[in-house]
Amino acid sequence: MLLPKLLICVSFIYGCDSYASRCSGECTLFRSCPEAIRFAANSEANNEKLKSSICGTELIEGKRLPKVCCSEFRVTDDRSGFFGDNPESAGEDSIESHANIKLLPTQCGQIDGDRIFGGVIANLWEFPWMVLISHRTRAAPGKDNLEFKCGGSIINSRYVMTAAHCVVNKKLAGVRVGEFDINSKEDCQGEYPKIYCERHIQDISIEESIPHQGYQRSPVDNDIALLRLKKPIDFSHKNVAPICLPVNRELRNVVLGGKSATVAGWGTTDTGYQSSVLRKVTIPILTADACRDIYNKNSASSDTTLKKICAGELKKDSCSGDSGGPLMLENEIEGKFRMIQYGVVSYGPKQCGSLFPGVYTDVTSYIEWILDTIKP
């Protein structure tokens, strides 16, 4: 492929029990490390570095594939988004002093201490900001069906954030908050005698749909929208709460490339069917350079202001039905770790979980737009 010399080297390594690198970070399949692929594609690539980065192998579909220390190829990400510098960076102080900053709750992104780690099914109360968006779809002449086609996130009691492609030219019926299993009226988890149940669901009508004024479908740009609800969400139940947004300067300037993030939703699973239960997946975030190399290498566009995040790896991705949902990372706010939304599920490869990562709208680039748009 890109690296005949590396593959020759790996073929020798297969025959022994030791590898050139004992990885201090995550040992990843070479084909799942875009930074390593990018390095290998460089005609001046240092083959010794490639050899020394090999940390193991993995048998997939009858073929033994090399694994590398992916962290050794990651470069500093300038947090500038998908293609270039963030023009809003000069106005950072104006965001923190924005008149509407008080409309975003300070009590947000609560991390559930009883959550389940390492599984694909979420905890009942792990992501209380998750939203299902209901669309009216034509079943027959004069008859509509209601279907949950997209996700979203609660940012305050009157606003849900989602992707613009989930609302533009769509017949929106409303939103549902507090859901876990779409097919069950009461959701329970645990084992006797510790069984936890939840049944407080809220279906709320939409007062106003507000896609970003710069949204375009092809090529996808400014894929973000807000939904203003007709009545406030009742936050008195444990299964509904807002997520935090990266409002302050420190959070907006976090280097995302190389970090792991969480995506949750009711989208298509690896079986090919849409899940009725809220599921989660942890995925790596690519650097802006790696993202650009994968998705923009053949583009004739000269636009350097698109603001997107690439994340995902082989067999781990958001998928159809997760659109509009949050890409989340834990970070510290005023001495407490909270869940913060950095991305909105936007688009990706037709085959979810392929080598190509998913693309997410970079929320940090739209904080000022969000503050300008929301109202009491």
Of Lys238, Arg279, Lys280, which is the lone residue that meets salt bridge (Lys or Arg N to Asp or Glu O under 4.0 Å) with Glu126?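 Checked Lys238, Arg279, Lys280 against Glu126; only one passes salt bridge (Lys or Arg N to Asp or Glu O under 4.0 Å): Lys280.
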Closest heavy-atom contact between [X] and [Y]?
X	Y	value
Gly178	Val240	N-CG1, 3.6 Å
Met130	Ala264	CE-O, 3.2 Å
Gly109	Trp129	CA-CZ3, 3.6 Å
Cys69	Cys55	N-SG, 3.7 Å
Ala164	Pro211	CB-CB, 4.1 Å
Val220	Asp223	CG1-CB, 3.8 Å

Does [atom1] in [X] sit with more than 12 non-hydrogen atoms of other residues, nucleotides or ligands closer than 6.0 Å?
X	atom1	answer
Glu334	CD	no
Lys336	NZ	no
Asn169	CG	no

[Y]/[X] salt bridge by N-O under 4.0 Å criterion:
X	Y	value
Glu332	Arg338	no
Asp362	Lys308	no
Arg158	Glu207	yes

Walk me through it: do Gln341 and Met161 pass the test side chain to side chain contact (heavy atoms under 4.5 Å, CB included)? CA-CA 10 Å; Gln341 181 172 355; Met161 183 161 63; 3.5 Å; yes
With heavy-atom distances below 4.5 Å as the criterion, would you say the side chains of [X] and [Y] are in contact?
X	Y	value
Ile154	Pro242	yes
Leu146	Arg136	yes
Trp266	Ser276	no
Glu179	Leu278	no
Tyr342	Val363	no
Val345	Thr162	no
Ile54	Lys67	no
Ile101	Glu96	no

May I have the step-by-step check of side chain to side chain contact (heavy atoms under 4.5 Å, CB included) for Leu327 and Val344, ending in yes or no? CA-CA 6 Å; Leu327 177 81; Val344 176; over 6 Å; no
To the nearest 0.5 angstrom, please state how far the [atom1] atom of [X] sits from the [atom2] atom of [Y].
X	Y	atom1	atom2	answer
Ile285	Ser260	CD1	OG	7.5 Å
Ile182	Phe148	CD1	CZ	6.0 Å
Thr373	Leu103	OG1	CG	11.5 Å
Leu229	Ile206	CG	CD1	7.0 Å
Ile233	Asn156	CD1	CG	8.0 Å
Ile155	Leu226	CD1	CG	5.0 Å

If hydrophobic clusters are built from ILVMFWY residues whose side chains come within less than 4.5 Å, do Trp125 and Ile201 share one?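 No, Trp125 does not connect to Ile201 through the hydrophobic network.
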Cut-off 3.5 Å, side chains only: do Asn239 and His200 have a donor facing an acceptor?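 Distance-only check fails for Asn239 and His200.
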Are the sulfur (SG) atoms of Cys150 and Cys166 separated by under 2.5 Å?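 Yes, the SG atoms sit under 2.5 Å apart.
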If we ignore hydrogens and angles and just use 3.5 Å, is the side chain of [X] paired with the main-chain N or O of [Y] as donor and acceptor?
X	Y	answer
Gln189	Leu124	yes
His135	Thr137	no
Arg252	Ile367	no
Glu250	Asn253	no
Ser184	Asp181	no
Gln110	Ala241	no

Under the side chain to side chain contact (heavy atoms under 4.5 Å, CB included) test against Ile204, which residue among Val131, Val175, Val160 passes?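 The option that passes is Val175.
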Does Leu227 form a side chain to side chain contact (heavy atoms under 4.5 Å, CB included) with Leu172? I'd like the steps, not just the answer. CA-CA 10 Å; Leu227 299 176; Leu172 302 177; 3.9 Å; yes
When you look at His165 and Ser323, which way does the side chain to side chain donor-acceptor pair (under 3.5 Å) test go after all the steps? CA-CA 8 Å; His165 77 263; Ser323 286; 3.1 Å; yes
Run the side chain to side chain contact (heavy atoms under 4.5 Å, CB included) check on Ile374 and Leu104 step by step: do they pass? CA-CA 9 Å; Ile374 60 177; Leu104 295 178; 4.1 Å; yes
Please state whether the rings of His212 and Tyr366 are parallel, tilted or perpendicular, taking 30° and 60° as the class boundaries.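 Geometry flag for Tyr366 against His212: perpendicular rings.
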